[in-house]
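Notes follow once the structure below has been shown.
Lettering follows sequence order; numbering is per chain, from 1.
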Amino acid sequence: MRNIVVTEFLTVDGVMEDPGGSEEFKHGGWTRPYWNDEIGKFKFDELMAAGAHLLGRVTYQGFAAAWPTMKDEEGFADRMNSLPKYVVSRTLKKAEWNNSTIISDDVVDKISGLKQKSGQDILVAGSATLIQTLMQHGLIDEYRLLVYPVVLESGKRLFKERGMIPLKLVEARPFSSGVVLLRYQPDRK
Amino acid sequence: MRKLIFSINISLDGFADHTVAIADDELHKFYTDQLNTLDTVLFGRVTYQLFESYWPTAPGDPNATKSMVEFAHKINALPKIVFSKSLQGAGWNNTQLVKGDAVEEIINLKQGIGKSMSVGGIRLAQSLMKLSLIDEYWLLVQPIIVGEGRRLFAGESDRRDLKLVDTKSFHSGVVVLHYLLDEKKKNGG
């Protein structure tokens, strides 16, 4: 069974929008002052341990526009470009980023099917809308949140669903720049 | 200047909901230890009434644990101020009722000499946060997503940067995030 891991950059008040500054959000790029080697290593190790990306259309299109032309010595960009990507969208007709598959219908069944096969983690990054669907159907196995010491009070939030989801804390780790990693699994008792 | 601190139980999705707080020995001991650093506790009406309805009688409650009784002794004894225009009186031991403008009063208190003060109560805290009057935040992040309720950060201010001081994890999965208001970045610098 493969795990679906939701991995996000979050403000203290739960905003996930435009952490890197490439979208048009007023506060975009809010992670930049806090980036350091520790966080870079964490994201690198995460990508190397992953087997695929599962993305919503908007995030997919943002990544697809940026990654193909990036290159770095460590191989982060190469892996972003070579890993299988599954993009959930009813409107996207062509997915031209290397190794992409469009999931346009039977979304829950198909994603459950992806989980059944053996393999490394399936990462969900960005993808605010897709995550609501995954939450509703209990498809998320881990929330991996990098909490930045910033309060924005505007912007898209990660958690929008009504209804309680009890969680189990897996790890809480501070980074030296003031960012805290919080990892949770749904508490499926 | 006296320091004003604010501790609150919040869900992972940012709602202040004391009913989902895991109130075990570690949590009570944490709060008792914190009370030992203070000489005054400030309350808004709602939280005052909530606390006053139980803590005075806790030492005599057979269901109260040792850690709860210790917390009760401490908070019952500490000087308290409740800010309310509607309350007729404040019957809790060592409590002063202030009917005037809370923010003005608190600014005066901060100018005075003494140990740190804490504020309990969402509404009161939010009005203080807006004016950057809270010096230290202790967010006790409960391992649960609740989906609805009263947001702690309710969209009334612009971007704020915080400085992470330390983190602590309890066995229950609660993570304490301790932040200072980042003076340098207070004006977006």
Side-chain touch Ile144(B)/Ile165(A), heavy atoms, less than 4.5 angstrom: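 Result no, sub-4.5 Å side-chain heavy-atom pair not found.
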
Side chains of Val141(B) and Tyr184(A), heavy atoms from C-beta outward: is any pair under 4.5 Å?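 Yes, at least one pair of side-chain atoms sits under 4.5 Å.
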
Structural part of Leu152(B) lying under 4.5 Å from a heavy atom of chain A: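 Contact with chain A is absent: no heavy atom of Leu152(B) under 4.5 Å.
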
Considering all heavy atoms, the nearest Leu164(B)-Pro174(A) contact: CD2-CB, 4.0 Å

Counting heavy-atom pairs under 4.5 Å to chain B, which of [options] comes out on top?
options                                  : value
Asp13(A), Val12(A), Val151(A), Leu152(A) : Val151(A)
His27(A), Arg157(A), Lys160(A)           : Arg157(A)
Leu10(A), Leu169(A), Leu167(A)           : Leu167(A)

[X] atom [atom1], neighbour heavy-atom count above 12 within 6.0 Å:
X         : atom1 : value
Gln116(A) : CD    : yes
Lys41(A)  : NZ    : no
Lys110(A) : NZ    : yes
Gln88(B)  : CD    : no

Tyr34(A) and Asp161(B) side chains, donor-acceptor separation under 3.5 Å: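 Asp161(B) vs Tyr34(A): donor-acceptor pair found between side chains.
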
Could you tell me which residues in residues 168-176 of chain B have at least one non-hydrogen atom under 4.5 Å from a non-hydrogen atom of chain A, sorted by residue number? Ser169(B), Gly173(B), Val175(B)

For chain A, which residues of residues 5-38 of chain B have at least one non-hydrogen atom nearer than 4.5 Å to it?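 Counting heavy atoms that sit under 4.5 Å from chain A, the residues of residues 5-38 of chain B involved are Leu12(B), Asp13(B), Val20(B).
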
Need one label for Leu182(A): side chain, backbone, both or neither, based on atoms under 4.5 Å from any heavy atom in chain B.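 Looking at Leu182(A), just its side chain touches chain B.
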
Leu145(A) versus chain B, heavy atoms under 4.5 Å apart: side chain, backbone, both or neither?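 The answer is the side chain of Leu145(A).
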
Under 4.0 Å between a side-chain nitrogen and a carboxylate oxygen: does that hold for Glu153(A) and Arg160(B)?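 Here Glu153(A) pairs with Arg160(B) in a salt bridge, since their nearest N and O are under 4.0 Å apart.
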
